[in-house]
A.B. asks: 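Encoded as structure tokens, here's the structure I'll be asking about.
Note: hydrogens, waters and symmetry copies are ignored here, and every other heavy atom, side chains too, is used. The chain is numbered in sequence order, starting from 1. Values in this document were obtained by computation on a predicted structure and should not be read as measured data.
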Amino acid sequence: MRRLTIIVAAADGARLYAAIEAAMAAAALGHGARLFLQGEAAALLRLPIGFAGDAARRGAGLPDLAQMIEEAAAMDVELIACQSGLALTGLTADAMAPQARAGGLVGLFADIGPDDRLLVY
């Protein structure tokens with residue numbers, strides 16, 4: 001099965017939100033999807049989940065970042081936090097979104113198949 005892997009390479013909530021939207025679109029089309037939050041981007045998974053754009057999104061009737069993470073997980077979108085990023089930002093597993101797991105770039109790339117697509121946000 002074709003799968004979309006998205007690397008979020010900056011600690012920017014709007015980028016993560018857009019990446020989740022893309023992953024959810026791929027999942028809705030029957031493709032596998034996963035997000036890898038690299039480096040400082042891992043901090044976006046710190047509980048409570050949120051970013052500056054949440055109020056505007058809720059005001060427009062859209063889900064906030066926490067809701068998007070929950071909906072993505074319900075669609076089997078994988079959420080992986082960079083192990084180095086966790087160390088860099090002081091984020092521990094118990095303080096991270098429960099939908100996420102820790103992982104590394106080597107494991108991520110080792111698991112990319114010939115039909116997979118890779119995007120970087």
A.B. asks: Counting distance only, does the side-chain N/O of Arg34 pair as donor-acceptor with the main-chain N or O of Gly32 below 3.5 Å?
C.D. replies: no
A.B. asks: Report, one line per pair, each donor and acceptor closer than 3.5 Å where one atom sits in a side chain of residues 36-44; sequence neighbours left out.
C.D. replies:
none

A.B. asks: Say you draw a straight line from CE of Met68 to CG of Leu62; how long is it, rounded to the nearest 0.5 Å?
C.D. replies: 8.5 Å
A.B. asks: Only distances under 3.5 Å count here; give the side-chain donor-acceptor pairs of residues 6-26 to other protein atoms, sequence neighbours excluded, each with its distance to 0.1 Å.
C.D. replies:
unit_1 : atom_1 : unit_2 : atom_2 : d
Asp12  : OD1    : Ala14  : N      : 2.9
Asp12  : OD1    : Arg15  : N      : 3.3
Tyr17  : OH     : Pro63  : O      : 2.7

A.B. asks: Within this structure, what is the CD1-CZ distance for the pair Ile112 and Phe109, rounded to the nearest 0.5 Å?
C.D. replies: 5.0 Å
A.B. asks: Show which side-chain atoms of residues 97-105 pair as donor or acceptor with protein atoms under 3.5 Å away, not counting sequence neighbours.
C.D. replies:
unit_1 : atom_1 : unit_2 : atom_2 : d
Arg101 : NH2    : Glu78  : OE1    : 3.3

A.B. asks: Distance from Leu4 atom CG to His31 atom NE2, nearest 0.5 Å?
C.D. replies: 9.0 Å
A.B. asks: Listed by chain and number, what are the side chain to side chain donor-acceptor pair (under 3.5 Å) partners of Arg3, not counting sequence neighbours?
C.D. replies: Asp111, Asp116
A.B. asks: Would a single hydrophobic cluster contain both Leu35 and Val120, if residues Ile, Leu, Val, Met, Phe, Trp and Tyr are joined by side-chain heavy-atom contacts under 4.5 Å?
C.D. replies: no
A.B. asks: Determine, using the 4.5 Å side-chain heavy-atom cutoff (strictly less than), whether Leu108 and Tyr121 are members of one ILVMFWY cluster.
C.D. replies: no
A.B. asks: Taking side chain as C-beta onward, heavy atoms only, is Arg117 less than 4.5 Å from Arg2?
C.D. replies: yes
A.B. asks: Which atom pairs, donor and acceptor, lie under 3.5 Å between side-chain atoms of residues 80-94 and protein residues at least two apart or in another chain?
C.D. replies:
unit_1 : atom_1 : unit_2 : atom_2 : d
Thr89  : OG1    : Gly85  : O      : 2.8
Thr92  : OG1    : Asp94  : OD1    : 2.4

A.B. asks: Is there any salt bridge (Lys or Arg N to Asp or Glu O under 4.0 Å) pair reaching into residues 63-72, and which pairs are they, with sequence neighbours excluded?
C.D. replies: Arg58-Asp64
